[in-house]
A.B. asks: 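Just passing along the structure, written as structure tokens.
Note that the coordinates shown come from a computational prediction; the quantities given were computed from them, not determined experimentally.
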Amino acid sequence: MRLLFCGDIVGRAGRDVVIERLPGIRRDHAIDFVVANGENAAGGFGITKKICDDLYAAGVDCITTGNHVWDQKETVGFIGNDPRLLRPFNFPAGTPGKGAGIFPTPKGKKVGVINLMGRLFMDPLDDPFQQIEQLLNGHRLGGNCDAIILDFHGEATSEKMAMGHVVDGRVSLCVGTHTHVPTADHMILPKGTAYQTDAGMCGDYDSVIGMDKAMPIARFTRKMPTERLSAANGPGTLCAVLVETDDGTGLAKSVQPVRLGGKLSQTSVVTS
């Protein structure tokens, strides 16, 4: 199978570039399943039902999130009725929504998607390393899943890399989100799991991690309260990770970064 994971969608610029580019990527590169992190899709803060519907219509099969999942008040009301919208599994028991699922592809394959959040420099949720063992008991390559994608939403590169090695050989792709900067360490780990510390973002890179530059710079230079941050709305770049898996094992045969449009277009792996 060919799997595509799109990094954090930030604001309108991120939504627009995904909606514009994704149908062509799916068609031209025979993508079987697409996951996108959507926790910053609504102006940089959370996600709405309409945005989910727009992303599904563009070809996103499953949406993951992270620490901004509850920034839009309406999300609490609809996430429980949308199995394709995930929140980190390691939120406390009783939190609305689900943190994992198994989804069919048009060709009849089954893809498991797991959403977890790190704890270093993040909210102190339940231990993700303990939670992943529970999840992988119910999501098994070669068993009930033909492929498994893990979105590990975290701040610390060390924590993300540790998770990659913990799940090596048991998931198809372990990819980090949250920092909005694509890392240059895409690789296949020793036991066959594709890995990248951070997929980057889908958004305007003429910004401070997707936000209009003025307010973040003012916060750093003056150390005084400023207005609320707002998403930058220049030309967007789609940053993603493309993985091809072995049909027999579900493990990775290849992994490569995808960068299309906007400020990073000169380093594109997949071209328009």
A.B. asks: Going by the ring-ring contact (aromatic ring centres under 6.0 Å, His included) test, which pairs reach into residues 36-59, not counting sequence neighbours?
C.D. replies: Phe45-His68
A.B. asks: Please check if any side-chain donor atom of Thr179 sits under 3.5 Å from a side-chain acceptor atom of Asp198, or the reverse.
C.D. replies: yes
A.B. asks: Quick one: do Arg219 and Glu227 make a salt bridge, cutoff under 4.0 Å?
C.D. replies: no
A.B. asks: Between Gln131 and Asp126 (side chain of the first, backbone of the second, donor and acceptor by atom type, cut-off under 3.5 Å), is there such a pair?
C.D. replies: no
A.B. asks: Who clusters with Phe33? Use side-chain heavy atoms, under 4.5 angstrom, across I, L, V, M, F, W and Y, and order the result by chain and number.
C.D. replies: Met1, Leu3, Phe5, Val35, Leu86, Phe103, Val111, Val113, Ile149, Leu173, Val175, Ile188, Val241, Val243, Val255
A.B. asks: Can you give the donor-acceptor pairs under 3.5 Å from side chains of residues 92-102 to other protein atoms, not counting sequence neighbours?
C.D. replies:
from	atom 1	to	atom 2	distance (Å)
Thr95	OG1	Pro92	O	2.7

A.B. asks: Under 4.5 Å between any side-chain heavy atoms of Ile9 and Asn37, yes or no?
C.D. replies: no
A.B. asks: Checking Arg12 now: which residues fulfil salt bridge (Lys or Arg N to Asp or Glu O under 4.0 Å) with it, not counting sequence neighbours?
C.D. replies: none
A.B. asks: Any side-chain to backbone donor/acceptor pair from Asn40 onto Val10? Under 3.5 Å, distance only.
C.D. replies: no
A.B. asks: Is the closest basic N to carboxylate O distance between Lys109 and Asp247 below 4.0 Å?
C.D. replies: no
A.B. asks: Could you work out, with side chain to side chain donor-acceptor pair (under 3.5 Å) as the rule, every residue matching Arg2, not counting sequence neighbours?
C.D. replies: Glu244
A.B. asks: Quick one, Asp212 with Ser230, criterion side-chain hydrogen bond (donor to acceptor under 3.5 Å, both in side chains). Give me CA distance, side-chain angles, the key distance, then yes/no.
C.D. replies: CA-CA 6 Å; Asp212 184 83; Ser230 60; 5.1 Å; no
A.B. asks: Under the ring-ring contact (aromatic ring centres under 6.0 Å, His included) rule, what pairs show up with a residue in residues 123-178, not counting sequence neighbours?
C.D. replies: His153-His178
A.B. asks: Using a 3.5 Å distance criterion without hydrogens, assess whether the side chain of Thr75 forms a donor-acceptor pair with backbone atoms of Ile47.
C.D. replies: yes
A.B. asks: Is a salt bridge present between Asp32 and Lys107, judged by a nitrogen-to-oxygen distance below 4.0 Å?
C.D. replies: yes
A.B. asks: Assess whether a salt bridge exists between Asp204 and Lys213, defined as any Lys/Arg side-chain N lying under 4.0 Å from an Asp/Glu carboxylate O.
C.D. replies: no
A.B. asks: Could you tell me whether a side-chain N or O of Ser172 sits under 3.5 Å from a main-chain N or O of Ala252, the two making a donor and an acceptor?
C.D. replies: no
A.B. asks: Is it the case that the side chain of Asp168 and the backbone of Gly164 share a donor-acceptor pair, with hydrogens and angles ignored and the cut-off at 3.5 Å?
C.D. replies: no
A.B. asks: Applying side chain to side chain contact (heavy atoms under 4.5 Å, CB included), run through Val171 and Tyr195 and close with a yes or a no.
C.D. replies: CA-CA 10 Å; Val171 306; Tyr195 174 84; over 6 Å; no
